[in-house]
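Let me begin by presenting the structure, written as structure tokens, before commenting on it.
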Amino acid sequence: MPRHARAIDALRLLQARNPGALQAQHDASYDGTAVARRMQMAAQLIRADLGCEVIAIDIGGWDTHVNQNAALHNRLTDLARGLAAFMTDMGTGMAA
């Protein structure tokens, strides 16, 4: 099957499963940060059972050069909260 046909099939599957409509599970609560939104989208893709083997999440804003202590504290807090919400959303099956 040509690559473009596989891409079209993947897009059709994504549209049919509509992962964006899936609600968080296990009383998970994602805050409004960019990190949390990305973690929630990853959880939705996993829950949609699309066959994803790897999901990459890009989180920028680490190289501040100014007020690094506060900036790093805020970025790490956002990351920790996003990861905690993701793990809660995925339930106990995600424990390593």
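Keep in mind that this is a model prediction, so the values were computed, not measured.
- With rounding to the nearest 0.5 angstrom, the CZ atom of Arg47 is 4.0 Å from the CE atom of Met90.
- Contact detail for Asp31 and Arg81: the closest heavy-atom pair is OD2-CD, 3.7 Å.
- The environment of CG in Asn69 is sparse: at most 12 heavy-atom neighbours from other residues, nucleotides or ligands sit within 6.0 Å.
- With hydrogens and angles disregarded, a donor-acceptor distance shorter than 3.5 Å links the side chain of Arg17 to the backbone of Ala48.
- Within a 6.0 Å radius of CG in Asp27, no more than 12 heavy atoms belonging to other residues, nucleotides or ligands are found.
- Taking the side chain as every heavy atom from C-beta outward, Val35 and Tyr30 never approach each other to under 4.5 Å.
- A single hydrophobic cluster is not seen to contain both Leu13 and Met41; linkage of ILVMFWY side chains at heavy-atom distances under 4.5 Å, directly or through other members, places them apart.
- Just one residue in the list Thr33, Leu79, Asp78 forms a side chain to side chain contact (heavy atoms under 4.5 Å, CB included) with Ile59, and that residue is Leu79.
- Grouping the Ile, Leu, Val, Met, Phe, Trp and Tyr side chains by contacts below 4.5 angstrom, directly or via other members, places Ile55 with Leu50.
- Counting heavy atoms of neighbouring residues, nucleotides and ligands inside a 6.0 Å radius, atom CZ of Arg6 exceeds 12 of them.
- Rounding to the nearest 0.5 Å gives a distance of 11.5 Å between CG of Leu22 and CD1 of Ile46.
- Counting heavy atoms from C-beta outward, Met39 and Asp89 have side chains that stay 4.5 Å or more apart.
- Note that NE2 of His73 is 15.0 Å distant from CD of Gln68, once rounded to the nearest 0.5 Å.
- Using a distance-only test at 3.5 Å, with no hydrogens or angles considered, a donor-acceptor pair links the side chain of Gln25 to the main chain of Gln23.
- Heavy atoms only, all atoms of each residue included: Ala28 and Ala85 are closest at CB-O, 3.6 Å.
- Taken to the nearest 0.5 Å, the CD1 atom of Ile8 stands 14.5 Å off from the CZ atom of Arg3.
- Side-chain N or O atoms of Arg75 include one that pairs as donor or acceptor with a backbone N or O of Gly60 at under 3.5 Å.
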